[in-house]
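This report concerns only the one structure given below.
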Amino acid sequence: MSTQGKTDSDDTSFAASSPRRPLYFVQSPSGDSHDGEKTSMSLHSTPALSPMGSPPHSNSSLGRHSSSTRFSGSGKTSTNGGHHRKGEKPWKEFDKIEEEGLLEFDGARRRPSPRCYIIAFVVGFFLLFSLFSLILLCVSKSHKPTITMQSIRFQQFSIQAGIDSSGVPTDMVSVNTIVKFKFRNTATFFGLHVTSTPLHLSFSQLNVATGMMQKFYQPRNSHKTIKVIVRGSNIPLYGGGASLNVSNGTVSGAVPLTLSFTVRSRGYVLGRLVRPKFYLRMKCPVAMDFGNPKKKVSIPLKDSCTYRR
């Protein structure tokens, strides 16, 4: 009984000396209601004592350690959880921004640089210019000039005995003629610069007379009559004149001759970039009958010449 009474008195005295203190809770701000519930639950489990009284040292330090641990844990949970749950929209927004950034980067990578545009413009310009020049060349090639041989007039044709430059005796021929023909430029948008090879008058494959045409410019869609002097003096025949009837230096009978030359013309359609060239080769057989007393002084060549381009 004494022991029981002592115990009760001790409890009564301990209760009187240590009155129960009121509890209060500190709640940290949280992102959402779920975090608030977790924080309140952790705070309920960790009572904070009023500054008017303090528990024993060991209990106080333990309470502080556990309280700080719980507060820090609840804060991390609240922070991570808040970002993850509430972060459905932020994460989606971040994914959307990242996707837009990738699309912009991909578009910037696929978009050609200004240098590519410049190169493409230069290449396209040269291609179009080349095509245009080719079209001009094809069109200009269709406007071919024409030549019409008119006549050849013999002013002299004589054969006489002589000696060549090496001292060999042979027959010598002297020829003096005038060749007349007409050149026509059929082009309607460019002129022609006309030149010619030497005009050769040959007998038995021997060149007995030569003439040179002066170069000239023929305007567009126009024509010109050209006269060229073809002559030769003391040309050795080397036995070629054995078939001719020669009496006192005068030839009697027909003498077969051949006139041949090539006319070259060039047009400047687009400066020196488009320059059509035309070649026309003429070959005209000439039969001069010196034994005919009614021989013509001028022999027509219009229907006897052949033209080759």
Side-chain angles (χ1 to χ4, degrees), residues 94-150 179-202 207 210-230 258-285 301-309:
F94 180 76
D95 292 342
K96 184 177 180 181
I97 294 173
E98 184 178 3
E99 184 178 358
E100 290 179 354
L102 291 174
L103 290 175
E104 292 178 358
F105 177 75
D106 192 17
R109 184 175 60 182
R110 293 181 180 179
R111 188 180 299 113
S113 61
R115 181 181 296 179
C116 296
Y117 286 112
I118 295 174
I119 294 175
F121 173 77
V122 173
V123 172
F125 174 78
F126 275 106
L127 289 177
L128 290 176
F129 187 77
S130 301
L131 180 61
F132 177 70
S133 301
L134 183 62
I135 293 173
L136 279 181
L137 181 61
C138 295
V139 172
S140 61
K141 279 289 187 179
S142 63
H143 297 276
K144 298 178 181 180
T146 61
I147 293 178
T148 303
M149 298 299 299
Q150 293 182 340
V179 178
K180 187 168 65 173
F181 61 92
K182 182 184 292 184
F183 180 88
R184 183 177 183 85
N185 180 14
T186 61
T188 57
F189 58 95
F190 63 91
L192 292 174
H193 297 265
V194 185
T195 59
S196 172
T197 61
L199 282 74
H200 294 293
L201 187 65
S202 59
N207 189 18
T210 303
M212 192 68 190
M213 183 191 76
Q214 293 183 353
K215 60 181 180 180
F216 62 93
Y217 174 78
Q218 189 64 39
R220 58 185 180 178
N221 198 19
S222 62
H223 67 274
K224 180 180 182 179
T225 300
I226 303 165
K227 294 181 179 181
V228 181
I229 298 176
V230 181
T258 303
L259 177 68
S260 61
F261 65 100
T262 301
V263 176
R264 297 171 295 189
S265 57
R266 174 183 294 177
Y268 295 90
V269 180
L270 193 62
R272 292 185 175 273
L273 297 176
V274 181
R275 297 181 297 175
K277 299 178 182 180
F278 305 96
Y279 297 91
L280 192 58
R281 298 171 178 86
M282 273 75 61
K283 188 175 182 180
C284 305
L301 299 175
K302 184 176 181 180
D303 299 328
S304 61
C305 297
T306 57
Y307 304 90
R308 186 164 57 93
R309 296 185 182 275

Mind running side chain to side chain contact (heavy atoms under 4.5 Å, CB included) on Met282 and Leu199 for me, showing each step along the way?
-> CA-CA 10 Å; Met282 273 75 61; Leu199 282 74; over 6 Å; no
Mind checking whether [X] and [Y] have side chains closer than 4.5 Å, heavy atoms only?
X: Leu131; Y: Leu127; value: no
X: Val194; Y: Val263; value: yes
X: Val269; Y: Pro276; value: yes

For Phe181 and Val228, what are the C-alpha separation, side-chain angles and deciding distance, and is it a side chain to side chain contact (heavy atoms under 4.5 Å, CB included)?
-> CA-CA 9 Å; Phe181 61 92; Val228 181; 4.1 Å; yes
By side chain to side chain contact (heavy atoms under 4.5 Å, CB included), which residues pair with Arg308, not counting sequence neighbours?
->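 Once residues adjacent in sequence are excluded, the partners of Arg308 under the side chain to side chain contact (heavy atoms under 4.5 Å, CB included) criterion are Arg281.
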Aromatic plane relationship, Tyr217 with His193 - under 30° parallel, 30 to 60° tilted, over 60° perpendicular =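 Correct class here is tilted.
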Do the rings of Phe132 and Phe129 sit parallel, tilted or perpendicular, given the 30° and 60° boundaries?
->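 Tilted: the ring planes of Phe132 and Phe129 meet at 30° to 60°.
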Which pairs count as side-chain hydrogen bond (donor to acceptor under 3.5 Å, both in side chains) when at least one residue sits in residues 127-150, sequence neighbours excluded?
->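 Pairs touching residues 127-150 that pass the test: none.
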Can you tell which of Gln218, Lys224, Arg220 makes a side-chain hydrogen bond (donor to acceptor under 3.5 Å, both in side chains) with Ser222?
->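 Per the side-chain hydrogen bond (donor to acceptor under 3.5 Å, both in side chains) rule, the option paired with Ser222 is Gln218, out of Gln218, Lys224, Arg220.
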Before giving the answer on side chain to side chain contact (heavy atoms under 4.5 Å, CB included), spell out for Met149 and Val179 the whole-Å C-alpha distance, their side-chain angles and the decisive distance to 0.1 Å.
-> CA-CA 8 Å; Met149 298 299 299; Val179 178; 3.8 Å; yes
Could you tell me the separation between the NZ atom of Lys227 and the NZ atom of Lys180, rounded to the nearest 0.5 Å?
->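 Rounded to the nearest 0.5 Å, the NZ-NZ separation comes out at 5.0 Å.
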Would you name the heavy atoms of Ile147 and Tyr307 that are closest together and state the gap between them?
->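 The pair with the smallest heavy-atom distance is O-CE2, 3.3 Å.
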Nearest heavy atoms of Thr210 and Pro198, plus distance in Å =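 Thr210 and Pro198 have their closest heavy atoms at CG2-CB, 4.0 Å.
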